[in-house]
Enquirer: 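Here's a structure for you.
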2 protein chains.
Amino acid sequence: MSDRRTQILDAAAMLIAERGYTSTSVDDVIRGAKLSGKSHFYHYFRSKEELGYEVLNRQFERFTERGLAILREPMIDPLERLSLFIDAVVTLQAERGGRGGSPFGNLAAELADAHEGFRVRIEAVFERWASQIRSLLWEARPQLQDDVDAVRLSRFIIATLEGAVLMTRVKRDLAVLEGIAADLKRFIGTHVRDGGAVALPGARGAE
Amino acid sequence: MSDRRTQILDAAAMLIAERGYTSTSVDDVIRGAKLSGKSHFYHYFRSKEELGYEVLNRQFERFTERGLAILREPMIDPLERLSLFIDAVVTLQAERGGRGGSPFGNLAAELADAHEGFRVRIEAVFERWASQIRSLLWEARPQLQDDVDAVRLSRFIIATLEGAVLMTRVKRDLAVLEGIAADLKRFIGTHVRDGGAVALPGARGAE
DNA sequence: TCATGTTAGGACCGGGTGGTCCAAAGCGCA
DNA sequence: TGCGCTTTGGACCACCCGGTCCTAACATGA
């Protein structure tokens, strides 16, 4: 993977996060990556579509490294890992200044109905994400109530986080995301067996 | 408001829900509304932007009639109304065949960062929606725990529903939305005072 | 030295974009 | 009858879109 290629990918990722896939033109990407012209771009990518797919892949890899990795930390209690992961989502969004939202959610809203190729790839992203949470939930099973449905709960967590990021973008207020994240932790806490101490730190407290 | 005008608005609403605002061209709308040409369209709307704003308004009016209205039914217990409202969101999405998603969420994801005019209007939509839930929560206050934060809870409900609709679109599976809706009811149920009977019907049950 | 891959730069393509302008027909109503 | 709104229909604008093609200057390493 050449330097130029990743440079193009990075520029495209930024632009797509800001303005969406359709509204980001190849010329924009060329300007963003400081290429000399169209032929230079098409030397590295067969089409804009291919660019889009690879950007999505890279976004997921980055997310896997910086967010999903927490879910797998072997030395930390699984439910605390889940709490840390939710914090990481908040941090990630804070770093973006509340803008840009979730790359997956954005592409999903923009292309899920219109472009099957993107839809299946986005579905795969969410599925891999959900499966990470599911196996964490499986690990935490001794602490959880017997009737906890890991599939449903993992979907609920992802949907709420995606919705929260979207709302935060609209309101331009990170506190929205923080509040929802806290409530989400509280909800996860209700699945913990009674008698368990404060399983999810930070789940209470209005602010 | 002439017939033609609403006809254009309806056609545009459908197209925007399907393909998004940017990807819906004025020519598409003209074809959809069976107008004779561009001049005919621009006889009714000053610009595509104005069209978009009015479509957003109409979508919210429709949503107010068919969804938000339930929140105000005076003869039904407030918490049951909330449960019925969540059911209505599921029904609304089912009618669309899982496609199209939430008009507000879609526009938000597409334009929140790029187009301030739309951003503030979408923010207003969510705010009016949240305020409806807030006043319902205020009404239900005797049944709720003392520390329930209506602002936060209303945001949580909206974010989760928006996220759920988005996930459902990506997975093309209405069961996703149904599951999340059930869990959301369960979460709301945890805010009800102890000793209260089954406040939210349908909140339990895995399927 | 030759080949290969990279960078540079520009001309060009068909088609779509939001938007304007104009001329003329059809219309209901006073 | 005549006024004013609606409808029709098309020409036209500058610009942007994804994508192709071509030429030529580079660097690198075999």
Side-chain angles (χ1 to χ4, degrees), chain A residues 1-58 106-107 110-111 113-119 121, chain B residues 1-58 106-107 110-111 113-119 121:
Chain A
M1 179 94 63
S2 76
D3 260 1
R4 277 287 187 192
R5 207 182 151 84
T6 65
Q7 190 181 339
I8 298 172
L9 252 4
D10 287 341
M14 229 185 60
L15 289 165
I16 292 175
E18 275 173 18
R19 344 198 306 197
Y21 174 76
T22 333
S23 296
T24 298
S25 73
V26 175
D27 284 314
D28 290 337
V29 175
I30 286 167
R31 271 188 292 273
K34 275 154 189 154
L35 302 183
S36 55
K38 280 235 175 89
S39 47
H40 199 180
F41 171 85
Y42 282 100
H43 177 71
Y44 290 98
F45 296 91
R46 235 170 283 163
S47 65
K48 188 192 175 186
E49 203 183 5
E50 188 187 286
L51 204 229
Y53 291 160
E54 296 207 21
V55 165
L56 183 58
N57 278 340
R58 266 178 72 84
N106 288 354
L107 285 180
E110 190 184 350
L111 301 169
D113 290 335
H115 198 304
E116 183 67 8
F118 274 101
R119 206 213 98 231
R121 282 167 175 82
Chain B
M1 178 94 65
S2 76
D3 261 2
R4 276 288 187 194
R5 208 180 150 84
T6 65
Q7 190 182 338
I8 297 172
L9 252 5
D10 288 341
M14 230 184 59
L15 289 165
I16 292 175
E18 275 172 19
R19 349 212 280 213
Y21 174 76
T22 335
S23 297
T24 298
S25 73
V26 176
D27 283 315
D28 290 338
V29 174
I30 286 166
R31 272 188 292 272
K34 274 154 191 156
L35 302 183
S36 54
K38 279 237 176 88
S39 48
H40 198 182
F41 171 86
Y42 281 99
H43 178 69
Y44 288 98
F45 296 91
R46 235 169 285 164
S47 65
K48 188 193 176 186
E49 203 183 4
E50 188 187 287
L51 204 229
Y53 291 161
E54 296 207 21
V55 165
L56 183 59
N57 278 340
R58 266 179 71 84
N106 287 354
L107 285 180
E110 190 185 348
L111 301 169
D113 289 334
H115 198 304
E116 183 68 9
F118 274 101
R119 205 213 100 231
R121 282 168 175 83

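Residue numbers start from 1 in every chain, and the chains themselves are labelled A, B, ... in the order their sequence lines are given, proteins ahead of strands.
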Enquirer: Side-chain donor or acceptor of K38(A) under 3.5 Å from a matching atom on the base of dG9(C)?
Expert: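 Such a pair does not exist between side chain and base.
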Enquirer: If only atom types and distance count, is the side chain of Q7(A) paired as donor or acceptor with the main-chain N or O of A33(A) below 3.5 Å?
Expert: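 Such a contact is found between Q7(A) side chain and A33(A) backbone.
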Enquirer: Nearest whole Å is fine: how far is dT6(C) P from F41(A) CZ?
Expert: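 Atom CZ in F41(A) sits about 15 Å away from atom P in dT6(C).
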Enquirer: When you get a sec, tell me which of dA8(C), dT20(C), dT20(D) is the closest nucleotide to the side chain of Y42(B)?
Expert: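 Between dA8(C), dT20(C), dT20(D), the one nearest the side chain of Y42(B) would be dT20(C).
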Enquirer: Using a distance-only criterion (donor-acceptor N/O pair, under 3.5 Å, no hydrogens), is the base of dG18(C) paired with the side chain of S47(B)?
Expert: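 No.
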Enquirer: Provide, to the nearest angstrom, the distance between the CG atom belonging to D3(B) and the P atom belonging to dC5(D).
Expert: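 After rounding, the reported distance stands at 19 Å.
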Enquirer: Please report the distance, rounded to the nearest Å, between NE2 in H43(A) and P in dT4(C).
Expert: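 Computing the H43(A):NE2 to dT4(C):P distance gives 14 Å.
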Enquirer: Looking at R119(B) and D113(B), is there a salt bridge between them, counting it only when a charged N and a carboxylate O are closer than 4.0 Å?
Expert: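 Salt bridge flag = no for R119(B) with D113(B).
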Enquirer: Could you check K48(A) against R4(B) and say which one's nearest nucleotide on DNA chain D is further toward the 5' end?
Expert: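 It is R4(B) whose nearest nucleotide is closer to the 5' end.
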Enquirer: Cationic tip of K48(A) within the cone over F41(A)'s six-membered ring, i.e. under 6.0 Å and within 45° of the normal?
Expert: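 No cation-pi geometry.
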Enquirer: CG of L51(B) versus C1' of dG19(C): gap in Å, rounded?
Expert: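 Taking atom C1' of dG19(C) as the reference, CG of L51(B) is at 13 Å.
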Enquirer: Can you tell me which nucleotide in dC22(C), dG18(C), dG10(C) comes closest to the side chain of S39(B)?
Expert: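 Looking only at heavy atoms from C-beta outward on S39(B), the closest nucleotide is dC22(C).
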Enquirer: Are the side chain of E110(A) and the backbone N or O of T22(A) linked by a donor-acceptor pair below 3.5 Å?
Expert: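 A pair under 3.5 Å: yes.
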Enquirer: dC21(D) P sits how many Å from H40(A) NE2, rounded?
Expert: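 Between P of dC21(D) and NE2 of H40(A): 19 Å.
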Enquirer: Measure from NZ or CZ of R5(A) to the centre of the six-membered ring of F45(A) and say whether it is under 6.0 Å with the direction within 45° of the ring axis.
Expert: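 That pair qualifies as a cation-pi contact.
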Enquirer: Give the ring-plane orientation class for Y44(A) versus H40(A), where under 30° counts as parallel, over 60° as perpendicular and anything between as tilted.
Expert: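 Answer is tilted, since the angle falls between 30° and 60°.
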Enquirer: Which residues in residues 11-37 of chain A have at least one heavy atom lying under 4.0 Å from any atom of DNA chain C?
Expert: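 Contacts with DNA chain C under 4.0 Å: S36(A).
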